[in-house]
Amino acid sequence: METMQIPLSSNVERFKLLLGIVAQLVVCCLVLVVDAWKDSSSHVFFDPGRIGLLMGFALCFSTVGLLFLLAKFSFGYLISYNIYLMILGFLWINQFTDLNYDHYEAALSAVASGIAFIVPAMFLRVRIPRVWTVSEFAFSRAVSVALILVAIVLSIVSFYNFRLLGLESAEGARESLHFPAALRYAMGATASAILPFAFAYLVVRKCYFRAMLAVALLALFYPVTLTKTALFLPLWVVFLALLTRVVETRLAVVLSCLLPMTVGLISVLYPHNSFYFFVLAHRMYVMPANALAFYNDFFWSNPITNFCQINIVKQFVGCAYSELGVVFKGVYEHGNYNASLFATEGIASVGVRLAPISCFVCGLLVAAISSAGDRLQGRLVLISSALFPALFLNVPLSVIMVTHGALVLFLIWCVAPDDLDREST
């Protein structure tokens, strides 16, 4: 393992990046204030009189944003920036929530956990030997074969469910869906890793017809799974492809968070329709941050899991809990509150005091995944990782690695040839 060399980017690029991060912090604060006003069920309120000592943690952690001016783009950079925003959101919420736990200790743990994850994820690299390489010609054909196999998987899955429903109708219908375990893993890896990578590869190679085919296959996952993620992911990968054409990759990471959140904030001006604020601001940003408050509250007075929420661990040690999301739904009546590795592998598994150690180990794992993508064009890595920032904010790391195909994406990056940025001939 080695320390990544800090690149010497131009002052103009750094200044643009700094402006984007500062604008992001302002928008995040406004979103948190508006969300506290609009959503009384989240146990968060805004009281200017309570801005005190704990807000010092938020101001202190905000300076971590300077690291994003120094690091070069990588998968770890992408995940770390989203984690950075989530921790900042929690430090704000931690000041204004009425949930009962040690807020000072929780804030200190969140800051330590964030730094423990971000530093290795962005700056450490693992030397991964390439034991098998694929020629560019063979790899191109493999991508075409993968699209065919995805179409076959979708055909099989459609026998279990295929319904064109609106979001409200899909919410209730989704709870009755049941797929065989093998198909669940196949769908997760396909939608999260294989199709986004295929789209990114084809866009970089300027094979736009096949790229649109990949987007169409992504869109077909919505009538099968009836999830919001499946509905918006095709639009999201196209958005990232367009964004990375006009700005450098690190700035694209910042804008991919800033622009949707700003649209959600502006939509508040139209009070009769809160859909865009809910999806683009509350769901994408506030809920993952608020999950840390819920997990701190629950495990302040209940036994920790000792990682028993991971199925393979549960087989050996047993577990006092069913799925944590279901447990939190019953206690807080706020939906299935699945959460990030900071809540699950951190607070829930080892407790608030040892959470930074667990998060550091997770950061090392992300650093290893990043190393596999360092040979590839940053634009390709960003687009192919399109779904993973949202997953890291809302899903335990163990689930991301297996169920949602992070291991599959890692293996694809490992065997991909170095010249994928060359245009198709």
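Just so you know, residue 1 is the first one in the sequence shown, and it goes up from there.
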Measure from the side-chain N and O atoms of Arg250 to the backbone N and O of Ala71, and report whether any donor-acceptor pair falls under 3.5 Å.
-> yes

With distance as the sole test, does Ser256 use its side chain to make a donor-acceptor pair with the main-chain N or O of Val253 at under 3.5 Å?
-> yes

Would you check, one step at a time, whether the test side chain to side chain contact (heavy atoms under 4.5 Å, CB included) holds for Phe75 with Phe388?
-> CA-CA 9 Å; Phe75 177 76; Phe388 283 94; 4.0 Å; yes

Side-chain donor or acceptor of Tyr222 paired with backbone N/O of Leu164 under 3.5 Å = no

Phe179 atom CZ, over 12 foreign heavy atoms within 6.0 Å = yes

Please name the pair of heavy atoms, one in Leu376 and one in Pro417, separated by the smallest distance, quoted to 0.1 Å.
-> CD2-O, 3.7 Å

Classify the ring geometry between Phe278 and His282 as parallel (under 30°), tilted (30 to 60°) or perpendicular (over 60°).
-> parallel

Identify the heavy atoms of Ser384 and Ala200 that sit nearest to each other, and give their distance.
-> N-CB, 3.7 Å

Is the closest side-chain heavy-atom distance between Leu147 and Leu195 below 4.5 Å?
-> yes

Flag for Tyr101-Asn94: side-chain donor and acceptor within less than 3.5 Å | yes

Quick one: sort the Tyr77 and Phe73 rings into parallel, tilted or perpendicular, breaks at 30° and 60°.
-> tilted

Residues Arg184 and Thr403: side-chain donor-acceptor under 3.5 angstrom | no

Decide whether Ser349 and Gln309 meet the rule of one side-chain donor and one side-chain acceptor closer than 3.5 Å.
-> yes

Side chain to side chain, Asn290 and Phe294, heavy atoms closer than 4.5 Å | yes

Could you list the residues that satisfy side chain to side chain contact (heavy atoms under 4.5 Å, CB included) with Met212, not counting sequence neighbours?
-> Phe199, Val215

Does Ala241 offer a backbone N or O that forms a donor-acceptor pair with the side chain of Thr244 under 3.5 Å?
-> yes

Taking all heavy atoms of Leu292 and all of Phe90, pick out the closest pair and write down the distance.
-> CB-CD1, 3.5 Å

Please assess Asp374 against Trp413 for the test side chain to side chain contact (heavy atoms under 4.5 Å, CB included), listing each intermediate value before the final yes or no.
-> CA-CA 9 Å; Asp374 283 344; Trp413 286 346; over 6 Å; no

Ala293 and Ile93: which non-hydrogen atoms are nearest, and at how many Å?
-> CB-CG2, 4.2 Å

Over all atoms of both residues, closest heavy-atom pair of Ala146 and Ile194 = CB-CG2, 4.3 Å

State whether a side-chain donor-acceptor pair under 3.5 Å links Arg125 with Ser74.
-> yes

Does Leu78 offer a backbone N or O that forms a donor-acceptor pair with the side chain of Asn82 under 3.5 Å?
-> yes

Working for side chain to side chain contact (heavy atoms under 4.5 Å, CB included), residues Leu70 and Met122 | CA-CA 10 Å; Leu70 302 176; Met122 286 207 302; over 6 Å; no

Any donor and acceptor pair, going by atom type alone, linking the side chain of Asn394 with main-chain N or O of Ala390 inside 3.5 Å?
-> yes

Any chance you could lay out the side chain to side chain contact (heavy atoms under 4.5 Å, CB included) test for Ile156 and Val153, step after step, and finish with the verdict?
-> CA-CA 5 Å; Ile156 295 173; Val153 170; 5.8 Å; no

Counting only heavy atoms not in Ile312, do more than 12 sit closer than 6.0 Å to its CD1 atom?
-> no

Side chain Ser267, main chain Gly264, donor-acceptor under 3.5 Å = yes

Taking the six-membered ring for Trp and the single ring otherwise, decide whether the centroids of Phe117 and Phe342 are under 6.0 Å apart.
-> yes

Give a yes or no answer on whether the side chain of Glu345 reaches the backbone of Leu397 with a donor-acceptor pair at less than 3.5 Å.
-> yes

Taking all heavy atoms of Phe307 and all of Ser358, pick out the closest pair and write down the distance.
-> CZ-OG, 4.1 Å

pair Leu233-Phe221: side-chain heavy atoms closer than 4.5 Å | no

Does Phe68 have its ring centroid less than 6.0 Å away from the ring centroid of Tyr81?
-> yes

Looking only at atom types and distance, does a side-chain atom of Ser140 sit under 3.5 Å from a main-chain N or O of Glu136, one as donor and one as acceptor?
-> no

Check whether the ring centres of Trp236 and Phe239 lie less than 6.0 Å apart, and answer yes or no.
-> yes

Tyr270 and Tyr276: aromatic ring centres closer than 6.0 Å?
-> no

Set of residues satisfying side chain to side chain contact (heavy atoms under 4.5 Å, CB included) with respect to Leu411, sequence neighbours excluded | none

